Protein chains: 4
Amino acid sequence: MSQKNSPDFPNQSPPNDAYVHLDDFEWQPFPEEFSEGGIRWKLLHVSPESGSWAAIYDCPAGSSFNAHVHLGPGEYFLTKGKMEVRGGNDEGGATATGRSYGYEPCNAQHDKTYFVEDSEFYMTFQGPLKFIDDEGNAIAVVGWEESQGLWLEQIGAA
Amino acid sequence: MSQKNSPDFPNQSPPNDAYVHLDDFEWQPFPEEFSEGGIRWKLLHVSPESGSWAAIYDCPAGSSFNAHVHLGPGEYFLTKGKMEVRGGNDEGGATATGRSYGYEPCNAQHDKTYFVEDSEFYMTFQGPLKFIDDEGNAIAVVGWEESQGLWLEQIGAA
Amino acid sequence: MSQKNSPDFPNQSPPNDAYVHLDDFEWQPFPEEFSEGGIRWKLLHVSPESGSWAAIYDCPAGSSFNAHVHLGPGEYFLTKGKMEVRGGNDEGGATATGRSYGYEPCNAQHDKTYFVEDSEFYMTFQGPLKFIDDEGNAIAVVGWEESQGLWLEQIGAA
Amino acid sequence: MSQKNSPDFPNQSPPNDAYVHLDDFEWQPFPEEFSEGGIRWKLLHVSPESGSWAAIYDCPAGSSFNAHVHLGPGEYFLTKGKMEVRGGNDEGGATATGRSYGYEPCNAQHDKTYFVEDSEFYMTFQGPLKFIDDEGNAIAVVGWEESQGLWLEQIGAA
C-alpha cells in the first residue's frame, strides 16, 4: 500500500473476472484451531477491496466449527447434509437440511455449528469472522487476507 | 420511507437471519423479456439496504439470458451443466462446467449467456442488472426490489 | 478483464490507500445532461470492485440535479447551504441545511434536488445513479466507471 | 433475530432515509480505551445489514487514536486541521491537511493516528475496527452495533 496523489487520480481499472472448476484444487484441512472432526475446505475467491470471500466446506458427520461471530453478512448454499446453526431448531437456531439457502446477518454469533450428517456447503462472506472463547473474547479475526494466506500455503503456492 | 430525526437517532436493530429449503417453493418461469428457452428461477433472499439478492436458476439445454450488464459484482455456483459466459472460451469469455465457481466483476457485460447442457446455478448479486438492447441502451434495471416484486406476484403472495 | 484459472488462484493484493487534498484539483462543470444552474464537482475516489465512489459538489443558489434513482445507498455531508431532497420538507422529503448528514437508501428516487442557497456537499455512493425521464425510463446509468471517464477527460488525463 | 421460513418469503421493505443536522446532538467523549487527548465524536448513522456506519470526530491538537486495523474500507473527509495517518509522510504514511479526502483500504493498520493541530473529520466505515495491543492482538472489535450502543448510552437514550 503506497500513497497516491497524482494529477490523474483517480484512475483505476475494473477487477478481473474469475472462474474455478471445483476439481481444479484438492480439499485442504480446515485448521483445528477453528474446527473439529475433519472439516476440509477450498477457497474459491477473495475480494480485497470490499473484504469479501467465497469458499466451499466438506463437513463429515459429527464435525463442527468453533464459536464465531460473523462481522458482516454471510450466505450459505447447503448442497447436501444436515447442519445445526446457533444450536439448531431445538435451541432457537436453524437446522438446515440440503439443499437449502441461509442468510446469517452481520454480528450473528454461532456458538457451535454442528453437522449431523455428511454435509457440504458453499458460502460467501462479507467481511471477516471473529472466533471467540467461552467468555466471548476474540481469539482470532479471519478474513479474506488470512484465508488467502492459509490457502496459498496449503496448496504450496505461498 | 419516512424522515427520521429523533433525539435517540440512530437506533437500529440487527437484520433477521433467514433459511429457505429449496423444496419450499416451486420453480417459476423467468420472464421472456430477459431470457429464452424456458429458464426457471427461485428467489432466495433480498438485502434491501445494500441492494444485494440471491437466486437459483434452472436452465434447459439451449436456453439463454439476454444481454445485460452487472452493475455490481456477482458470484455464481454452477451445480451442474455447461454455461457459456461472455461468448465462452472460444470468444474470450468463460465456458463454465459444473461444478464450478465464477466471479463476474462490477460492470461486466454479458452479451449472451448460453446453456449448452441442462444447467443449474445459484448466484449472489451485489446491486442490480441492467438489461440492454443491441445499441447498449438500458431496457430495464432489475435489482432486489423488482426481483422481489416479480417473485411475490408469481407465488401469489403480492 | 481476462480469465484467471491458475493453480495459485486466488492470489490478490490489498488495494492502495489514497489521499487527495481538495486544492489538488480545480472544480469541473457537472454535465448539463444531468443538472442545471452551474453545478461543479470534483471526483475524489472510485472503488471498482464494489462499485462505490466519492465526490464533492459545488451548487450555486438555484441550481439542481435532474431526476435520478440511487441504485445503492448514498451518504452525504452538507458542508454549507440549503438543499431540498425529494421535494423538501414541504412535500414529504427532507430540507437539509448545513452542516448536516443524510442517508439516502438503495432505490431512493430524487425527482429533483434543489439548492435554495449556495451549497456544497461531499457524498459517498454505493453503486450507480440511474437518471430518468418524466416517465421513469432510464436515460443514463452513471457509476464509478462513467464518473472516472468523465473526470479524467475533464482534467485532461484521459 | 428469529428464523423466517414463511411462504411469502422473501418480503422485505426498503430501509428508511435519514437526516441529521450536526447541531441536533452534543459532542460526546470518545472512549479513553481507544484514544488520548480529548477526542469527541457524534455518531450519525448505522447500517446494520452491511455493517457500515458514519461519524464525525473533533480532535484537539495533540490527541490521537490508539492502534487499530480497519476490517473494511473507510473514507474520511478532513474538514480542518492536520492528521498523521500511519506515521505521516515522514514514516511512509500520509499527512492529511484540511480540507482533504482519504481512502483507507480493508485491513489497513493504523498504529497511531495523531492530530498535529485542532482537527475535525467525517468518516464512513464499511465494517468494524479492530483495536490492537503492541503484539497485534485484538483488544476490542468495534462496529456499528458497539458504536450505536455507546452512543445511545452517552446521549441518555439507551
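Because the structure is a prediction, the values reported are computed rather than measured. Letters go in sequence order (proteins before strands), and every chain restarts at 1. Only this structure's heavy atoms are used, side chains among them; waters, hydrogens and symmetry mates stay out.
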Checking side-chain polar atoms at under 3.5 Å, does [X] have a donor or acceptor matched by the opposite partner on [Y]?
X	Y	value
E75(D)	Y101(D)	yes
Q109(D)	D111(D)	yes
W27(D)	Q154(D)	no

Legend entry - Full working for ring-ring contact (aromatic ring centres under 6.0 Å, His included) between F65(D) and F131(D): CA-CA 10 Å; F65(D) 287 103; F131(D) 284 90; 7.8 Å; no

Legend entry - Proximity breakdown for T97(C) and chain D, heavy-atom pairs closer than 4.5 Å: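 Contact with chain D is through both the backbone and side chain of T97(C).
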
Inset, instruction - With a 4.5 angstrom heavy-atom cut-off, could you sort out which part of T79(C) is near chain D: side chain, backbone, both or neither? - result: side chain

Legend entry - S50(D) versus chain C, the contacting section by heavy-atom distance below 4.5 Å: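 Neither part.
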
Legend entry - Part of L78(D) lying under 4.5 Å from any heavy atom of chain C: neither

